[in-house]
There are 2 protein chains.
Amino acid sequence: MDETSQKIIDATMSLIRDKGYVATTTKDIAILAGVNECTLFRKFKNKKDIVMNGMEQEKWRGNLTPEIFRNVRWELQPDLEMFMEEYMNRITPDFVKLSIGLRAPQIYDETAPLIMKIPRAFVSSLIEYFQSMEQKGKLPHLDFEGLAMIIFSNTFGFTFLNASFDNKLTSINKENYIKTTVATFIQGIPHY
Amino acid sequence: MDETSQKIIDATMSLIRDKGYVATTTKDIAILAGVNECTLFRKFKNKKDIVMNGMEQEKWRGNLTPEIFRNVRWELQPDLEMFMEEYMNRITPDFVKLSIGLRAPQIYDETAPLIMKIPRAFVSSLIEYFQSMEQKGKLPHLDFEGLAMIIFSNTFGFTFLNASFDNKLTSINKENYIKTTVATFIQGIPHY
DNA sequence: CCGATATGCAAGTGATTACTTGCTTTTCAT
DNA sequence: ATGAAAAGCAAGTAATCACTTGCATATCGG
């Protein structure tokens with residue numbers, strides 16, 4: 001990946017994040033990338049190709065792999081706090097906005113499965129985590145899918161709302177929110 | 001509001017919901033509304049005017065007023081379940097998609113405050129509810145803003161994820177999800 | 001029935017857009 | 001220094017878009 005192509009990709013994804021795919025023109029991309037407009041088409045097949053290449057890059061994909069679910073201490077409180085924190089550190093407001101900007105009819109068929117990878121990874125890994133906790137005798141058998149969805153809906157919802165409304169909806173900071181949520185959750189679920 | 005104008009508004013908002021504002025053309029609007037394209041401009045100043053008129057209508061605005069917070073039984077479980085259920089009944093997947101489609105640079109300055117009304121109403125009314133419960137001696141003094149955000153993030157998150165991914169992320173149905181969430185929450189917060 | 005109003009139709013306007021073309025200049029590697 | 005590759009520049013193309021115009025047709029209400 002040469003430097004010019006990378007500049008084009010970065011400019012494109014930034015503009016999509018700010019204005020959406022359809023409202024992002026190749027002229028704007030060229031200006032922001034600091035290249036001539038025809039250079040875009042020397043490097044990429046078309047506008048969509050720039051995006052698809054951008055989404056191959058970790059930088060623009062919001063990397064959240066099952067790896068973080070392996071750095072656990074097998075204690076609910078620190079582990080759940082860590083999962084939520086990792087999610088919020090990687091799924092930044094900018095990434096949320098980019099995900100929204102990628103919802104365009106021209107590309108959504110291709111971008112949607114990529115966007116869905118992260119929620120899927122998070123939820124299924126969290127279910128596995130709960131199952132392992134059960135096997136270790138630290139949790140009774142519960143509806144782990146439902147519990148995973150509670151944690152994830154919560155995490156995602158807070159992240160999205162902050163990305164959309166900044167602090168106009170709530171002034172709670174992330175760390176306090178995580179602690180309160182996890183404490184309430186742990187206290188609320190059945191224990192041995 | 002004459003019938004033709006209403007047809008135009010309905011067609012416009014439907015297309016924005018499906019394709020976003022920028023990708024919604026006046027030609028598509030006219031076809032879907034079953035009118036001639038020039039009729040759009042006889043009835044409305046421009047494309048944006050159609051949208052702004054649409055957002056004045058309850059049908060396209062996702063009505064969620066503080067009224068539902070008055071039909072309470074002053075018991076946490078039924079009340080919280082009712083709040084979540086009312087939200088999910090009114091904020092349908094279609095409304096979620098419309099909200100996303102309205103995020104276009106050309107109109108977002110105007111639509112964003114309208115979109116934010118609902119989260120704001122929900123969170124602040126929920127805070128008031130918790131405060132009233134405290135006054136009635138049914139809850140100790142707690143960080144009600146934090147708790148309201150937990151409930152709302154959860155409700156919003158689940159709603160949004162279902163709107164975006166259908167049942168590809170989870171097959172949990174709404175009612176079970178609400179019951180589990182509320183039960184866990186109530187069990188998890190401090191009581192007298 | 002008839003006049004007023006509403007709407008259709010087709011063509012058009014000016015602007016914008018993604019993308020192309022042909023030539024020129026700059027950069028890079030040997 | 002030199003040739004090849006990379007990139008700039010300006011103009012261009014074809015299509016699309018929001019919106020307009022002038023005429024024709026349909027509908028409505030008295």
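Quick note on labels: first sequence line is chain A, next is B, and so on, each numbered from 1. Remember, predicted model here, so these are calculated numbers, not experimental data.
When rounded to the nearest whole Å, the span between CG of Asn46(B) and P of dA15(C) equals 17 Å. Straight-line distance from the CZ atom of Arg42(A) to the C1' atom of dT25(C): 12 Å, rounded to whole Å. The nearest whole Å value for the distance from the NZ atom in Lys47(A) to the P atom in dT16(D) is 15 Å. Tyr21(A) places its OH atom 14 Å from the P atom of dT17(C), with the value rounded to the nearest Å. Going from atom CD of Gln106(A) over to atom P of dC19(C) covers 11 Å, rounded to whole Å. Remark: P of dA18(C) and CG of Asp49(A) are 15 Å apart, rounded to the nearest angstrom. Atom pair Asp28(A):CG and dA18(C):C1' shows a separation of 13 Å (rounding to whole Å applied). In this entry the distance linking CG of Leu15(B) with P of dC17(D) reads 13 Å, nearest Å.
Closest to the Val35(B) side chain, of the nucleotides dG8(C), dC23(C), dT20(C), is dG8(C). The listed nucleotides are dA18(D), dT20(C), dG22(D); the one nearest the side chain of Thr25(B) is dA18(D). Out of dA7(D), dT20(C), dA18(C), the shortest distance to the side chain of Asp2(A) is found at dA7(D). Nearest nucleotide to the side chain of Cys38(B), out of dC23(D), dT20(D), dA7(D): dT20(D). The side chain of Phe41(A) lies closest to dC19(C) when the candidates are dC19(D), dC19(C), dG22(C). Nearest to the side chain of Asn36(A), among dG8(C), dG8(D), dT20(D), sits dG8(D).
Classified by interplanar angle (parallel below 30°, tilted 30° to 60°, perpendicular above 60°), the ring pair Phe160(A)/Phe156(B) is tilted. Classification of the His141(B)-Phe144(B) ring pair by plane angle, with boundaries at 30° and 60°, yields perpendicular. Note: Phe83(A) and Phe122(A) have perpendicular aromatic rings, judged against thresholds of 30 and 60 degrees for the angle between ring planes.
Residue contacts for Thr24(B): at a heavy-atom cut-off of 4.0 Å it reaches the sugar-phosphate backbone alone, with no base atom in range. Contact annotation for Lys43(B): backbone-only contact, meaning every heavy-atom pair under 4.0 Å involves sugar-phosphate atoms and none involves a base.
Put simply, Thr4(B) has a side-chain N or O that comes within less than 4.0 Å of OP1 or OP2 on dT7(C). Close to dC19(C), at under 4.0 Å from its OP1 or OP2, lies no side-chain N or O of Thr26(A). Proximity of Thr39(B) to the phosphate of dA6(C): no side-chain N or O atom is located under 4.0 Å from OP1 or OP2.
For the pair Lys138(B) and Trp74(B), the cation-pi criterion (under 6.0 Å, within 45° of the ring axis) is not fulfilled.
The residue among Ser5(B) and Glu37(A) whose nearest nucleotide of DNA chain C lies closer to the 5′ end is Ser5(B).
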TODO: Check step by step if side-chain hydrogen bond (donor to acceptor under 3.5 Å, both in side chains) holds for Tyr177(B) and Ser153(A).
DONE: CA-CA 11 Å; Tyr177(B) 184 77; Ser153(A) 295; 3.3 Å; yes
